[in-house]
Amino acid sequence: MTELVIRALTPSDAHLFDSLPDPLGVGRALARATHRPEWKRVALRDGVVVARAAWWGGPDDETPVCVNWFDFAEGEEEAGTELLRTSPFQVEYELILPAGWREAPAALAAGEARIRAVTAAGMKVLVERYQYRWTPECGLPERPRRLKFKPEPDDAVIFDVLRRVHSSTLDAHALRAIAEADVDKAAQEELDFFHWCPSPREWWQLAYTPDGELVGIHVPARNPSGPCVGFIGVVPEQRGHGYAYDLLVECTHFLAERDAEFIAGATDQGNFPMARNFAKAGHPVVQERIHFLPGSQH
């Protein structure tokens, strides 16, 4: 085989990125996302693209948040591995897959090939997640009306609630932050994400029982791609009453009342209670994603 050339793209040759097939439909899944040409890298052999990857971040981010598009030509798995291994951006990889991909032979083969390639590049699976997409055609779930919702302007109060929520959690990203440092880091990562979203700060709401006891928090949000369920969390002492469903329903209504044409959401596949809540609230699974950590962050 001839020598592999790996390089970033520029605005003048960004079209090269589109010269490979897209067997997993990642382009459709990311239709609302904007990828900067300089954050796209390709591997070429004899001037032909044999592997590609695109890193993504918000419009104000100086470095990418993740890599979410990675493909390679048939027989070029090693080129894909080398493309990731030599990247200056060592960040999380989100492998985007169709819902039920393990039951579809073509998607299964493509997904497993990418898993092999990223694993060979030193990356390790963190978690598998469901991606949801509510649209008005799904219908609005009826509000249970058991809780009172109030905006909370004080970040210190929000931070304390997040600490309490994450003191006992099933979320893999929060558990990783706790393992690396402590629950404060997990809470701060959530708070940083809320501020990173371009939606209004006053959308963040705490939930209370009629007697004024704190139940939890929901954060309706807009990320750079559109409306989303930013966060749902119930404090440990209030669990067992199904309140997470109430929070999700309120979040759905809140965004729908502000003319959301869709609402994106996600949860870890191992978080069975939250997955049930999404299904009960009429949010269908539209994708699955496998999150990988780069070699330096295992």
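Everything quoted here is computed from the prediction, not taken from an experiment.
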When the ring planes of F254 and H218 are compared, do they come out parallel, tilted or perpendicular, using 30° and 60° as the limits? perpendicular
Those residues that, when tested against D22, pass side chain to side chain contact (heavy atoms under 4.5 Å, CB included) (two or more places apart): V26, R52, W69, D71
Examine distances only and state if a side-chain atom of H253 and a backbone atom of P141 form a donor-acceptor pair shorter than 3.5 Å. yes
Which pair of non-hydrogen atoms, one from A256 and one from I263, has the smallest distance, and what is that distance? N-CD1, 4.3 Å
Looking at E78, I'd like to know if its CD atom is crowded, meaning that more than 12 non-hydrogen atoms belonging to other residues, nucleotides or ligands lie closer than 6.0 Å. no
Supply the atom-to-atom distance D171 CG to E190 CD, rounded to the nearest 0.5 angstrom. 6.5 Å
Determine whether a donor-acceptor pair (N or O, by modelled atom type, separation under 3.5 Å) exists between the side chain of D211 and the backbone of E213. no
Is there a path of hydrophobic side-chain contacts, each under 4.5 Å between heavy atoms of I/L/V/M/F/W/Y residues, joining V285 to L108? no
With distance as the sole test, does D13 use its side chain to make a donor-acceptor pair with the main-chain N or O of T10 at under 3.5 Å? yes
What are the two closest heavy atoms between A79 and R45, and how far apart are they? CB-NH2, 4.2 Å
Classify the side-chain pair H241/D246 by whether it contains a donor and acceptor separated by less than 3.5 Å. no
Let me confirm one number: the CG-CD1 distance from L95 to I115, rounded to the nearest 0.5 Å. 6.0 Å
In sequence, state the C-alpha distance, the side-chain angles, and the governing distance for F231 and F194, and then conclude on ring pair (Phe, Tyr, Trp, His ring centres under 6.0 Å). CA-CA 9 Å; F231 189 79; F194 301 164; 5.7 Å; yes
With a 4.5 Å cut-off on side-chain heavy atoms, are E74 and P21 touching? no
Should the pair R176-E189 be classified as a salt bridge under the 4.0 Å nitrogen-to-oxygen rule? no
What residue pairs, at least two apart or across chains, pass salt bridge (charged side-chain N to carboxylate O under 4.0 Å, His left out) with a residue in residues 264-292? E94-R289, R129-D268
Exam field: side chain D184 to backbone A187, donor-acceptor pair closer than 3.5 Å: no
Just jot down the side chain to side chain contact (heavy atoms under 4.5 Å, CB included) partners of S167, sequence neighbours excluded, or say none. P236
Could you tell me whether the side chain of E77 and the main chain of F72 form a donor-acceptor pair under 3.5 Å? no
Taking all atoms of both residues into account, what is the closest heavy-atom pair of Q287 and A29, and its distance? NE2-CB, 3.2 Å
Determine, stepwise, if the pair N271 / Y130 fulfils side-chain contact (heavy atoms from CB on, under 4.5 Å). CA-CA 10 Å; N271 191 341; Y130 292 120; over 6 Å; no
Any ion pair linking R143 and E257 (charged N to carboxylate O, less than 4.0 Å)? yes
Of all heavy-atom pairs between A207 and L247, which one has the smallest distance, and what is that distance? CB-CD2, 3.4 Å
Indicate yes or no: at least one non-hydrogen side-chain atom of R201 is less than 4.5 angstrom from one of H195. yes
Is V67 close to R41 at the side-chain level, that is, under 4.5 Å between some pair of heavy atoms? no
Could you state the interatomic distance from CD1 (I290) to CD (Q269), rounded to the nearest 0.5 Å? 8.0 Å
How about CD on E202, more than 12 heavy atoms from neighbouring residues, nucleotides or ligands closer than 6.0 Å, or not? yes
Co-membership, hydrophobic cluster, residues F278 and V127, 4.5 Å side-chain: no
Kindly indicate whether the side chain of P224, heavy atoms from C-beta on, has any atom under 4.5 Å from the side chain of T34. no
Quick one: side chain to side chain contact (heavy atoms under 4.5 Å, CB included) partners of A110, sequence neighbours excluded? P23, L24, R114
Under 4.5 Å between side-chain heavy atoms, counting indirect links through other Ile/Leu/Val/Met/Phe/Trp/Tyr residues: same cluster for W203 and L248 or not? yes
Could you tell me if the side chain of W134 sits less than 4.5 Å from the side chain of V229, heavy atoms only? no
Is it true that a side-chain atom of S199 and a backbone atom of A221 form a donor plus acceptor pair closer than 3.5 Å? no
Given the rule that I, L, V, M, F, W and Y join up when any side-chain heavy atoms are under 4.5 Å apart, are V157 and L191 in one cluster? yes
Can you confirm whether I96 sits close enough to Q131 that some side-chain heavy atom of one is under 4.5 Å from a side-chain heavy atom of the other? no
Grouping ILVMFWY residues whenever side-chain heavy atoms fall under 4.5 Å, the cluster of I178 otherwise contains V183
What heavy-atom pair brings A260 and P136 nearest, and what distance separates the two atoms? O-CG, 4.1 Å
Backbone of A117 reached by a side-chain donor or acceptor of T81 within 3.5 Å: yes
If you measure from OH on Y208 to CG on L147, what distance do you get to the nearest 0.5 Å? 11.5 Å
Spatial distance of atom CH2 (W55) from atom CG (L84) [nearest 0.5 Å]: 6.0 Å
Do the rings of F292 and Y93 sit parallel, tilted or perpendicular, given the 30° and 60° boundaries? parallel
Please step through side-chain contact (heavy atoms from CB on, under 4.5 Å) for the pair N68 and H35, ending with a clear verdict. CA-CA 10 Å; N68 56 12; H35 292 91; 2.8 Å; yes
Under a 4.5 Å cut-off applied to non-hydrogen side-chain atoms, are L4 and L83 in contact? no
Only pairs at least two apart or in different chains count here, so list each side chain to side chain donor-acceptor pair (under 3.5 Å) that has a residue in residues 56-66. D61-W196
Taking all heavy atoms of L170 and all of P273, pick out the closest pair and write down the distance. CD1-CD, 4.3 Å
side-chain contact (heavy atoms from CB on, under 4.5 Å) assessment of I158 paired with L206: CA-CA 8 Å; I158 297 289; L206 299 185; 4.0 Å; yes
Between R164 and L214, is any pair of side-chain heavy atoms under 4.5 Å apart? yes
Spell out, yes or no, whether V65 and V118 are grouped together once hydrophobic residues are joined by side-chain heavy atoms under 4.5 Å, including indirect joins. no
Atom NE2 in H173, atom CG in L126: separation rounded to 0.5 Å? 5.0 Å
